[in-house]
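What you see is a predicted model, and the numbers here were worked out from it, not measured in a lab.
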Amino acid sequence: MPRVLVVEDDPTVAEVVSSYLRRAAFEVDCASDGYAALAAATPELPDLVVLDLMLPGIDGLEVCRRLRRRGPVPVIMLTALGEESDRVVGLEVGADDYVTKPFSPRELVLRVGSVLRRTRGASMSALNAQHVLRAGAVEVDLSAHRVTKSGVDLSLTSREFDLLAFLLAHPGEAFTRTQLMQRVWGWSHGDESTVTVHVRRLREKVEDDATGPRLIRTVWGVGYRLDPSS
């Protein structure tokens with residue numbers, strides 16, 4: 001069973017979330033603060049972390065940063081309703097998804113399943129027999145879940161990996177933020193700034209100059225396009 005670490009300082013919320021996840025056949029561990037979360041993720045990372053932003057000790061953003069240094073564990077951030085700036089910062093430090101409070105436990109369970117499927121490569125099924133995708137100095141090995149640039153390994157979150165692989169699989173095609181949200185995130189609706197943040201983070205890792213991107217191009221009035229000749 002996939003192991004999910006729930007990091008939440010409200011015992012009622014933690015109990016409800018844990019109960020729903022267990023009913024959905026997930027193995028669940030709980031932590032009530034940031035330090036306990038990091039200890040629970042040692043020595044073996046969980047398959048996914050549900051992480052509250054506001055925690056005693058160290059907050060969820062710092063916990064996410066430290067977890068991301070250890071490996072590509074998927075993170076779903078829990079944020080307060082209306083705090084868009086918190087959601088954007090959460091995505092910037094490596095969260096794969098976010099859910100705003102108050103939330104439906106059933107919706108959270110669906111999000112957990114969706115993120116895990118993407119992480120395990122289900123969203124890449126449309127790539128069929130392709131295992132290695134290339135553009136310029138950037139190479140994505142789908143089977144090894146590895147990205148390199150000029151032979152040097154790059155550290156990408158699972159969502160950044162999926163976004164890059166999708167764009168590489170459709171070179172020269174322009175996609176709107178809505179289309180990317182639907183086809184990479186699997187969301188029928190949502191905050192399009194999520195896509196913008198991930199594109200910016202991805203450019204910082206794969207472009208020679210993120211301020212003048214040549215690989216992932218902005219198509220004004222449309223969205224983004226990968227230029228395979230760069």
Side-chain angles (χ1 to χ4, degrees), residues 2 4-10 12-14 16-18 20-21 24 26 28 30-34 37-38 41 45-56 58-120 123 156-164 166 177-202 204:
V4 178
L5 174 60
V6 176
V7 188
E8 170 61 63
D9 63 330
D10 185 322
T12 301
V13 174
V16 170
V17 169
S18 299
Y20 271 81
L21 285 169
F26 293 104
V28 181
C30 292
S32 58
D33 61 56
L38 295 173
L45 285 170
D47 295 294
L48 183 141
V49 180
V50 176
L51 179 62
D52 189 18
L53 181 64
M54 301 301 294
L55 293 170
I58 54 176
D59 65 19
L61 294 177
E62 182 59 25
V63 172
C64 189
R65 288 189 187 97
R66 296 189 189 187
L67 288 174
R68 292 296 306 142
R69 293 188 197 120
R70 298 183 185 180
V73 56
V75 175
I76 296 179
M77 192 81 77
L78 303 181
T79 68
L81 182 62
E83 296 296 330
E84 180 178 349
S85 60
D86 288 341
R87 295 198 299 272
V88 170
V89 173
L91 293 169
E92 287 180 337
V93 299
D96 295 89
D97 201 351
Y98 64 84
V99 175
T100 55
K101 294 182 177 182
F103 57 85
S104 162
R106 288 188 178 88
E107 178 192 356
L108 179 58
V109 171
L110 291 174
R111 293 284 187 94
V112 168
S114 177
V115 170
L116 283 173
R117 284 193 297 273
R118 286 195 299 271
T119 303
R120 293 174 177 185
S123 64
L156 270 63
T157 67
S158 60
R159 192 62 63 91
E160 290 165 356
F161 182 94
D162 285 354
L163 177 59
L164 179 60
F166 178 81
R177 291 170 179 82
T178 298
Q179 288 173 323
L180 290 172
M181 186 169 290
Q182 291 171 342
R183 300 183 67 175
V184 178
W185 273 251
W187 299 353
S188 59
H189 61 277
D191 186 350
E192 291 186 357
S193 66
T194 300
V195 178
T196 305
V197 169
H198 278 81
V199 168
R200 183 171 74 245
R201 285 176 52 82
L202 191 54
E204 290 171 353

Closest non-hydrogen atoms of Pro74 and Asp47, given as atom of the first, atom of the second and distance, are CD-O, 3.1 Å
What are the two closest heavy atoms between Leu116 and Pro2, and how far apart are they? CD1-CB, 4.0 Å
Do Arg70 and Leu38 have side chains that approach each other closer than 4.5 Å (heavy atoms only, starting at C-beta)? yes
pair Met77-Leu61: side-chain heavy atoms closer than 4.5 Å: yes
The reported gap from CG in Asp33 to CG in Asp59 (rounded to nearest 0.5 angstrom) is 12.0 Å
Does Arg159 offer a backbone N or O that forms a donor-acceptor pair with the side chain of Asp96 under 3.5 Å? yes
Would you confirm whether Arg68, through its side chain, and Val75, through its main-chain N or O, come within 3.5 Å as a donor-acceptor pair? no
Are any non-hydrogen side-chain atoms of Glu62 and Leu55 less than 4.5 angstrom apart? no
CG-CG distance between Leu51 and Leu5, expressed to the nearest 0.5 angstrom: 8.0 Å
Looking at CG of Asp9 and CE of Met54, how far apart are the two atoms once the value is rounded to the nearest 0.5 Å? 9.0 Å
Could you grab the distance from atom CG of Leu156 to atom CG of Leu163, nearest 0.5 Å is fine? 9.0 Å
If you compare all heavy atoms of Val73 against all heavy atoms of Pro46, which two are closest, and at what distance to 0.1 Å? CG2-O, 3.4 Å
Does the pair Val63 and Val7 meet the rule for a side chain to side chain contact (heavy atoms under 4.5 Å, CB included), with working shown? CA-CA 10 Å; Val63 172; Val7 188; 5.6 Å; no
Which atom pair, heavy atoms only, marks the closest approach of Val109 to Leu21? CG2-CD2, 4.0 Å
Taking all heavy atoms of Val17 and all of Leu108, pick out the closest pair and write down the distance. CG1-CD2, 3.7 Å
Which value, rounded to the nearest 0.5 Å, describes the distance between Glu160 atom CD and Leu202 atom CG? 6.0 Å
Closest heavy-atom pair, Arg106 versus Tyr20, reported as atoms and distance to 0.1 Å, is CG-CE2, 3.7 Å
Separation between CZ of Arg177 and NE2 of His198, rounded to the nearest 0.5 Å: 14.0 Å
